[in-house]
**Q** 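Pasting a structure here, questions to come.
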Protein chains: 2
Amino acid sequence: MTKIDLDQAQAQILHIFNSIYPMSEALEKSIRQHSKLTTFNKKAHLLQFNEVNKSIYFILQGCVRTYYLNDDGEEHTSWLLTEGELAISVYSFYSQQKSFEAIEALEDCVTLELTHTALSHLYQHHLEFNVIGRYLTEQYYIESESKANALRMLSAKERYHELILRKPQILRRVPLGYIASYLGITQSTLSRIRAKI
Amino acid sequence: MTKIDLDQAQAQILHIFNSIYPMSEALEKSIRQHSKLTTFNKKAHLLQFNEVNKSIYFILQGCVRTYYLNDDGEEHTSWLLTEGELAISVYSFYSQQKSFEAIEALEDCVTLELTHTALSHLYQHHLEFNVIGRYLTEQYYIESESKANALRMLSAKERYHELILRKPQILRRVPLGYIASYLGITQSTLSRIRAKI
DNA sequence: ATATCCTTTTGACAAAAGGCAAAAAATATA
DNA sequence: TATATTTTTTGCCTTTTGTCAAAAGGATAT
């Protein structure tokens, strides 16, 4: 695992934020003060079921999944996230209620962590940061809609091929069982889809 | 159709906004200046395919659906929205690109309209308004996620019963064909689900 | 009231996807 | 390298959902 430097990681995320909306020195400083590197070993949980999701994790290295358990105890993967993406359990983080969803590292991970408390502080004391928060939420919302629409209007095969087009790296990094679940199908069905090219 | 008064409608939306984050007099005034009543007859389109979604509509009365066309020309309903909800085509409105989605009135509708230009102006000149925009986006994002998860982990029958629980009014107002589509199934399947109680 | 239009249900059959278990392949571990 | 472990594929059979077309039911307008 490549060594990751806090300063450099913070510079990276500040650059992303600044390209959305220019931040004041004070805001940048506050973000630096409130964020820290957090690592997770493969299979470790960033968030457990029934826990409140208290932090957002910007993935610097590695890959995570968020997943649900249905009434029969079956797992259903809802997001597969890699470098440059934000890992949260949407409902729990925004509402600060107990989570029905868990977040698990699928590889050893290095993240930049920002607590909900810190984020609220930033939003409150630097109103301009809300522009950035709003923008990022809009982007993830667009992606969430797009996933829901794919599940509604595409067949399993089409959803798989769309994923190959949009996120080919994921296929190489994530076990097919999780990918099948993310696509809303069983692993055997995915395997059969792959077999027929 | 009940007569709707602009002042009163604006008071209603200002009240919602204020309960999210207290607004300045100036912001309230600007929102009043930039919003207007817009009505749509049943079957009229709030947004056509390939058009840029230039306005957000707060539904005061009536019911709308947003829908996609797939490659075979079949319609797929993505949202069913009623009083108190915001009608937009998520991708097109936020990105201001041409829409793959259309918005249609399922009943005669009265809405409070706010253009994207006006909204940008509000965001730019009243930073606090971004708090409200961020919050609302978060809420719709949560719902979008919840829909995607239902499509992934619930059977058609379970999705139908969940909808009955969460939005029983919708069932009484919207033709079953649209509801089936919203649930990601065909109308015949929905009819069979209903037949078996 | 009757004709028209739109919505909903139903029937017969087809296709898609799931369940379960075993086999095969790929990876990790000693 | 051999062994254990995990991941992926496959076979067989069931269930769910889709397709297409026709029938039934409701609402609306003249």
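Sequence lines set the chain letters: A, B, ... in the order given, protein chains first and strands last, and positions in each chain run from 1.
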**Q** Cut-off 3.5 Å, side chains only: do B:E28 and B:N18 have a donor facing an acceptor?
**A**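 There is such a pair (donor and acceptor under 3.5 Å, judged by atom type) between the side chains of B:E28 and B:N18.
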**Q** Would you confirm whether B:E83, through its side chain, and B:G62, through its main-chain N or O, come within 3.5 Å as a donor-acceptor pair?
**A** yes
**Q** Among A:Y135, A:Y141, A:Y94, which residue satisfies the side chain to side chain contact (heavy atoms under 4.5 Å, CB included) criterion with B:T137?
**A**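 Exactly one candidate clears the test, A:Y141.
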**Q** So which protein nitrogen or oxygen atoms get under 3.5 Å of nucleotides 25-30 of chain C's nitrogens or oxygens?
**A**
none

**Q** Please determine whether salt bridge (charged side-chain N to carboxylate O under 4.0 Å, His left out) holds for the pair B:K157 and B:E162, giving the CA-CA distance in whole Å, both sets of side-chain angles, and the decisive distance to 0.1 Å.
**A** CA-CA 9 Å; B:K157 186 191 292 188; B:E162 212 210 34; over 6 Å; no
**Q** Distance alone, cut at 3.5 Å: any donor-acceptor contact between the side chains of A:T189 and A:T186?
**A**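 Indeed, the side chains of A:T189 and A:T186 share at least one donor-acceptor pair under 3.5 Å.
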**Q** Mind running a 4.0 Å heavy-atom check of residues 145-154 of chain A against DNA chain D and sending the residues that fall below it, in number order?
**A** none
**Q** Between the two end axes of the helix from C:dA1-D:dT30 to C:dA30-D:dT1, each built from 5 base pairs, what angle do you get to the nearest 10°?
**A**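 Inter-axis angle at the ends, rounded: 40°.
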**Q** Output all residues satisfying ring-ring contact (aromatic ring centres under 6.0 Å, His included) with B:H125, sequence neighbours left out; order by chain, then residue number.
**A** B:H121
**Q** Specify the separation, in whole Å, of atom CZ of A:R194 and atom C1' of C:dA17.
**A**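 That distance rounds to 17 Å.
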**Q** Decide whether A:T115 and A:S55 meet the rule of one side-chain donor and one side-chain acceptor closer than 3.5 Å.
**A**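 No, no side-chain donor-acceptor contact under 3.5 Å.
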**Q** What is the distance, to the nearest angstrom, from the CD atom on A:Q187 to the C1' atom on C:dA16?
**A**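 After rounding, the gap between these two atoms is 18 Å.
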**Q** Does a salt bridge link B:E143 with B:K167, judged by any charged N lying under 4.0 Å from a carboxylate O?
**A** yes
**Q** Just so I know, are the side chains of A:C63 and A:R173 near enough to count as touching, which here means a heavy-atom distance under 4.5 Å?
**A**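 In contact.
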**Q** Give me each pair satisfying side chain to side chain donor-acceptor pair (under 3.5 Å) with a member in residues 6-17 of chain A, each pair once, sequence neighbours excluded.
**A**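 As it turns out, the side chain to side chain donor-acceptor pair (under 3.5 Å) pairs with a partner in residues 6-17 of chain A, which skip direct neighbours, are A:Q10-A:R32, A:Q10-A:S35.
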**Q** List every contact pair, protein side and nucleotides 11-15 of chain C side both N or O, where the distance is under 3.5 Å.
**A**
| residue | atom | partner | partner atom | Å |
| --- | --- | --- | --- | --- |
| C:dG11 | N7 | B:R192 | NH2 | 2.8 |
| C:dG11 | O6 | B:R192 | NH2 | 2.9 |
| C:dA12 | N6 | B:R192 | NH2 | 3.1 |

**Q** Taking only N/O atoms, report every protein-nucleotides 26-30 of chain D pair under 3.5 Å with atom names and distance.
**A**
none

**Q** After noting the C-alpha distance and the side-chain angles of A:W79 and B:E145, does the key distance pass the side chain to side chain donor-acceptor pair (under 3.5 Å) rule?
**A** CA-CA 10 Å; A:W79 286 88; B:E145 277 290 288; 2.7 Å; yes
**Q** Does any donor atom in the side chain of A:T66 or A:S89 lie under 3.5 Å from an acceptor atom in the other side chain?
**A** no
**Q** Among D:dT9, D:dT17, D:dT10, which is the nearest nucleotide to the side chain of B:T189?
**A**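 Ranking D:dT9, D:dT17, D:dT10 by closest atom to the B:T189 side chain puts D:dT17 first.
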**Q** Is a side-chain donor-acceptor pair under 3.5 Å present for B:S92 with B:E101?
**A** no
**Q** Sequence neighbours left out, what pairs pass salt bridge (Lys or Arg N to Asp or Glu O under 4.0 Å) with at least one residue falling in residues 52-70 of chain B?
**A** B:R65-B:E75, B:R65-B:E104
**Q** Please list, pair by pair, any protein nitrogen or oxygen found under 3.5 Å from a nitrogen or oxygen in nucleotides 14-16 of chain D.
**A**
none

**Q** Let me know the distance between CZ of B:R173 and P of C:dT7, rounded to the nearest Å.
**A** 16 Å
**Q** Provide the full list of salt bridge (Lys or Arg N to Asp or Glu O under 4.0 Å) pairs with a residue in residues 14-23 of chain A, sequence neighbours left out, each pair given once.
**A** none
**Q** Show me the pairs that pass ring-ring contact (aromatic ring centres under 6.0 Å, His included) and involve residues 166-187 of chain B, at least two apart or across chains.
**A** none
**Q** How close or far is atom C1' of D:dT17 from atom CD of B:E74, stated in whole angstroms?
**A**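 My rounded result for the distance is 14 Å.
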**Q** Considering only side-chain heavy atoms of A:I185, which listed nucleotide, C:dG18, D:dT9, C:dT10, is closest?
**A** C:dG18
**Q** Does A:T186 reach a base, just sugar-phosphate, or nothing at all? Heavy atoms under 4.0 Å.
**A** sugar-phosphate
**Q** Who else is in A:L69's hydrophobic cluster (ILVMFWY, side-chain heavy atoms under 4.5 Å, direct or via others)?
**A**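 The other cluster members (ILVMFWY side chains, heavy atoms under 4.5 Å, direct or chained) are A:F49, A:Y67.
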**Q** Looking only at side chains, do A:S99 and A:E51 share a donor and an acceptor under 3.5 Å apart?
**A** no
